[in-house]
Chemist: 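Quick one: this structure, given as structure tokens, is what I'll be asking you about.
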Amino acid sequence: IYIDSEKNPKLQVGYDLDNKKIVPLQNDFYEEFLPAIKSVENTSEELLVMSKNGFSLASFESIYQSNGDGPSAGTLIIGKYLDERTINRIGKELSFDLTFHEVQDNEKTQGRIGVEVTGADQMQGSVLLKDYKEQSLLGISFNMDRSFYMEKKNTVNNIAVSLVIIGIIF
């Protein structure tokens, strides 16, 4: 989205990365981002924005003349919806299961990041992401193997056994 200095849209284009095609946006879609632009003085931010289409991670950048002189000519916004496919793709890259949900009122009192061990070889955690207004929240939960811990525990056990055997032999 490109919004000029008068806060009028000059370009709105959506693109579906999975299907590799342009997606039409509603005429008033840009209005979802106007309050976010007004919330920062020098627009060069990455913000989580809640819109009627869901959560999106958006990067805002003020546009200036090539030589940098003069006032901003507008703002360029590039964003990515944080939907289930995106979260699953991130989880696959990180090699653990991720799920997301909109946070309910009773969950808002919990900390922003939490991790706990659920067994000798498993752990789970969650991260709460707030939008730029600190109102809407997105919870991302994960479950993962403690493979690093288990590998290091086995290594230490192997070293201990090796030392005992070497002590007996020599």
Chemist: Drop me the distance from Gln124's CD to Thr99's OG1, to the nearest 0.5 angstrom.
Modeler: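 Nearest 0.5 Å value for the CD-OG1 distance: 9.5 Å.
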Chemist: Roughly how far apart are Phe60 CZ and Ile1 CD1, rounded to 0.5 Å?
Modeler: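 Taking CZ in Phe60 and CD1 in Ile1, the distance rounds to 8.0 Å.
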Chemist: Please round to the nearest 0.5 Å and tell me the distance separating atom CG of Leu11 and atom CG of Leu25.
Modeler: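 The CG atom of Leu25 is 9.5 Å from CG of Leu11, to the nearest 0.5 Å.
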Chemist: So Asp16 and Lys21, salt bridge (charged side-chain N to carboxylate O under 4.0 Å, His left out) or not? Walk me through it.
Modeler: CA-CA 5 Å; Asp16 183 340; Lys21 66 178 186 176; 5.7 Å; no
Chemist: So how far is it from Lys10 NZ to Tyr30 OH, rounded to the nearest 0.5 Å?
Modeler: 10.5 Å
Chemist: Is a side-chain N or O of Ser62 found less than 3.5 angstrom from the main chain of Thr75, in a donor-acceptor match?
Modeler: no
Chemist: For a 4.5 angstrom cut-off between non-hydrogen side-chain atoms, does Ile78 reach Glu61?
Modeler: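 Of all side-chain heavy-atom pairs linking Glu61 with Ile78, none is under 4.5 Å.
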Chemist: Roughly how far, to the nearest 0.5 Å, is the OG atom of Ser72 from the CD1 atom of Ile63?
Modeler: 7.0 Å
Chemist: Between CG of Leu82 and CD1 of Ile140, what distance do you get to the nearest 0.5 Å?
Modeler: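 If I round to the nearest 0.5 Å, the distance is 6.5 Å.
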Chemist: Decide yes or no on salt bridge (charged side-chain N to carboxylate O under 4.0 Å, His left out) for Asp83 and Arg89, but give the supporting numbers first.
Modeler: CA-CA 10 Å; Asp83 59 6; Arg89 190 175 301 129; over 6 Å; no
Chemist: Look at the side chain of Asp28 and the backbone N and O of Glu31, then say whether any donor-acceptor pair between them is shorter than 3.5 Å.
Modeler: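 Between the backbone of Glu31 and the side chain of Asp28 there is no qualifying donor-acceptor contact (under 3.5 Å).
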Chemist: Taking the side chain as everything from C-beta on, heavy atoms only, tell me whether Val117 gets closer than 4.5 Å to Gln122.
Modeler: no
Chemist: Tell me whether the count of non-hydrogen atoms from other residues, nucleotides or ligands lying under 6.0 Å of CG in Asn27 goes above 12.
Modeler: no
Chemist: Of all residues at least two apart in sequence or in a different chain, which pass the side chain to side chain donor-acceptor pair (under 3.5 Å) check with Tyr2?
Modeler: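 Tyr2 satisfies side chain to side chain donor-acceptor pair (under 3.5 Å) with no other residue.
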Chemist: Does Asn88 reach the main-chain N or O of Glu84 with its side chain, forming a donor-acceptor pair under 3.5 Å?
Modeler: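 Indeed, once roles are kept as given, a pair shorter than 3.5 Å links the two residues.
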Chemist: Flag the pair Ile3 / Asn8 as yes when at least one side-chain heavy-atom distance between them is below 4.5 Å, and no otherwise.
Modeler: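 No, every pair of side-chain atoms sits at 4.5 Å or beyond.
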Chemist: Between Asn158 and Thr155, does any side-chain donor sit less than 3.5 Å from a side-chain acceptor?
Modeler: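 No pair is found: no donor N or O on one side chain lies under 3.5 Å from an acceptor on the other.
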Chemist: Just wondering, do Tyr64 and Pro71 contact through their side chains at under 4.5 Å, heavy atoms?
Modeler: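 Not in contact.
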Chemist: Inspect the surroundings of CG in Leu163 and state if more than 12 heavy atoms from other residues, nucleotides or ligands are less than 6.0 Å away.
Modeler: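 Result for CG/Leu163: enclosed.
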